[in-house]
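As the structure lists them, so they are numbered: ligands from 1, and atoms in each ligand from 1. Numbers for residues simply follow the sequence, beginning at 1.
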Amino acid sequence: MHEKKNSVALEKARTYEETYQNLIPKGQKPTFHVCAPIGWINDPNGFSIYKEEYHLFYQYYPYGTKWGPMHWGHSKTRDFIRWEQLPAALAPDSAYDIQGCFSGSAITHEGEHILMYTGVREEEQEDGSKLCCQIQCIAVGDGVNYEKLMCNPVIKSDLLPEGSSREDFRDPKIWREGDTFYAVIGSRSADNSGQIALFSSKDLKEWEFLKIIEQCNNKYGLMWECPDFFELDGKQVLLVSPQDMLAEGLEFHSGNCTMYLVGTYEKMGHHFLREEVAAIDYGLDFYAPQTLETSDGRRIMIAWMQSWDNHITPHEFAWSGMMTIPRELHIINGRLYQLPVRELEQYYHNTVSYEGVTVNGPLELGKVRGREIDMTIEVEEGYYSRFRIHVAGNDKYNSLISYNLDANTLTFDRNYSELRRDTLYKRKMYVRNQEGKIKLRVVMDKYSVEIFVNDGEQAMTSLIYTSLDADRIVFYGEGNVKFNIIKHDIVVEE
Ligand code: FRU
C-alpha cells in the first residue's frame, strides 16, 4: 500500500543536513528551543506523541536560509526542553507534492505515526494557464522513516463549497474521536477571505466534507492559515493564522497575524459558536502555532518564532528559524492563557532572588544577568509612572521591556539590539489595569525574549540577535517601583 524506500530528493536532503549542520559553530544555536538544523524552517508541523515521545516536524528548506521547496524537518523530545535532531522526514518528490510538502499535523494510529500534510502541484487550466493547486496527503511511518500513501491525494479542493479557492487550501490539523478521524483545513471562500473546512474519514483514505465551521468574512485579514481546533477547560478553541491582516488598535498588527477564537461547539451538528476573538501573542515574532495534548491531559502549543515580513537572521548564520518554548494553555474567563511548559523548571540553576527592591533611577543587580534565563519580575503596587527593564545589554546594545502605568501598555523595543536592518523593531500591547501591580515572566534563550504577563494572560514574543556577550540586565524606575525578582539560569547539559 505504501511506496517503498526513500526518494532521491529525501536522501539528498538527509545527506546535506548531516554534512553541513556539523559545520555550524558550537554554541551558536539556542540551547532549549528547536531551531533549523541547517537552512530555513518555518511553521511547526506534526506536533504529536508517538511511542511516548513528543515529535515535532517543521517546514524546512535545507539548502539555503530563505524559504524554498518545502520538506519536513524532524526533531523529538521527552520533555519539550532537550530535543534530539532526526533526519528530514518528507521531501517534495511525488507528482502531487512536487512543488512542496506544506504544513500539516500528525496522530498515532494502530502503532503507526500518521502525517497529514498539504501537497502543492501545478495543474493546467482549461485555458492552458498553470495554477499551483493544494491538496491533502498522508504519509505513514515509524518515527524516523515515512512512506506516502499510494492513494494520495486523499482530499482535493473539489469537495469544498462552490467558489472556494484551489490555490489556498492547506494546513490540515487531524484528530480522532471514537472511530472517526477529523481534520480542519484552511481555505479561501468565494468572498476571497478565509474559511475553515471540517472533513471526516473512517479510514484516513476516503474523506468527506462536513461543514465550514468558521469564516473570516473579510474581517480578520484574508486567507486563514494553520487552523487548530480543540476543547479546553470546557470551551472550544480555534487557532488561526490570518494573512494580510489590517492593524486594529494594539490588538492585531498588519500582515501575518495570529488569532484565537473561543466559543462553544455542538458536536452533532458541527456547530461552532464564537464568543471571544483576540491575538494569541503580541510580539514581533510569532506565527502558525500548533498544539498537542499530552497523556496527562495538558494542551501544549508551539509556534514558529519568526515573522514572514521581518526576518532578521544574521547573514553569516547557516540556519534560520526557531520555535517558541512549548506553552501550556488554559482558558480562564474566556481568555487564552499560556505559560512555558512546567518541564523547564527541571533545568533551573543558579537561582537568585531579591524581594522588595525599590528602584528609582537605574539599578543593576550583579547576579541578575544572562541570555539563557527564566526570570520573573513582580511589582506589587506602585507610586510610579513607568518602569523599564533592559535585557541583553552591554555598553552599546540592549533590548527594552517597558511598562507605562498611565497608559497601561507594555512595550518591547529592539531598536538598539544590534539590528543592522531597517526593520520593524517595536511592538506595544495593552495590559489589564491593576493599579501598578504587574507580573512579568521573561524567558530568554540567546536570541529570543518571550514575555508572559500576569501568569500567562498575555504573551509577547520577539527575537534579538545581539552578540551573546551582551548579558546585562538593568532596571529603571520613574517614581518608586518596588520589584520582587527571581532569576534562574537554564542549563541543559549535553
Ligand atoms: C504558514 C504557511 C502555511 C503553508 C506553509 C508553507 O506560514 O504559509 O500556510 O503551509 O507556510 O511553508
With atom 7 (O) of ligand 1 as the reference point, say which of Asp168, Val120, Asp43 has the nearest heavy atom.
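Minimum heavy-atom distance to atom 7 (O) of ligand 1 goes to Asp43.
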Q) Contact between Trp304 and ligand 1, counting heavy atoms under 4.0 Å? A)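 The answer is no, since Trp304 has no heavy atom less than 4.0 Å from ligand 1.
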Give the atom numbers and elements of ligand 1 that come within less than 4.0 Å of a heavy atom of [X].
{"X": "Ser103", "result": "5 (C), 10 (O)"}
{"X": "Met70", "result": "12 (O)"}
{"X": "Glu225", "result": "1 (C), 2 (C), 3 (C), 7 (O), 8 (O), 9 (O)"}
{"X": "Asp171", "result": "3 (C), 4 (C), 9 (O), 10 (O)"}
{"X": "Tyr287", "result": "1 (C), 7 (O)"}
{"X": "Gln59", "result": "5 (C), 6 (C), 12 (O)"}

Could you tell me whether the side chain of Lys29 and the main chain of Ile24 form a donor-acceptor pair under 3.5 Å?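 Between the backbone of Ile24 and the side chain of Lys29 there is no qualifying donor-acceptor contact (under 3.5 Å).
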Under the 3.5 angstrom rule, does the side chain of Asp127 hit a backbone N or O of Ser129 as a donor-acceptor pair?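 Flag set: sc Asp127 to bb Ser129 pair under 3.5 Å.
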Parallel, tilted or perpendicular, judged at 30° and 60°: which one describes the rings of Tyr287 and Trp304?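 Tyr287 and Trp304: perpendicular rings.
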Evaluate the ring planes of Phe181 and His109, with Trp represented by its six-membered ring, and classify them as parallel (under 30°), tilted (30 to 60°) or perpendicular (over 60°).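 Aromatic pair Phe181/His109 classed perpendicular.
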*Would Tyr63 and Tyr16 count as a close aromatic pair, with their ring centres under 6.0 Å?*
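Distance test on ring centres: under 6.0 Å, yes.
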SB check Asp93 Lys148 (cutoff 4.0 Å)
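Salt bridge present between Asp93 and Lys148.
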Practice problem: Using a strict cut-off of less than 4.0 Å between a Lys/Arg side-chain nitrogen and an Asp/Glu carboxylate oxygen, indicate whether Arg335 and Glu276 qualify as a salt bridge. | Solution: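 No.
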Q. What do we get for Trp67 next to ligand 1 when only non-hydrogen atoms under 4.0 Å count, side chain, backbone, both or neither?
A.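 Looking at Trp67 and ligand 1, just side chain atoms fall under 4.0 Å.
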**Study point:** Within reach of ligand 1, part of Asn42 (heavy-atom separation under 4.0 Å)
**Key:**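 Only the side chain of Asn42 comes within reach of ligand 1.
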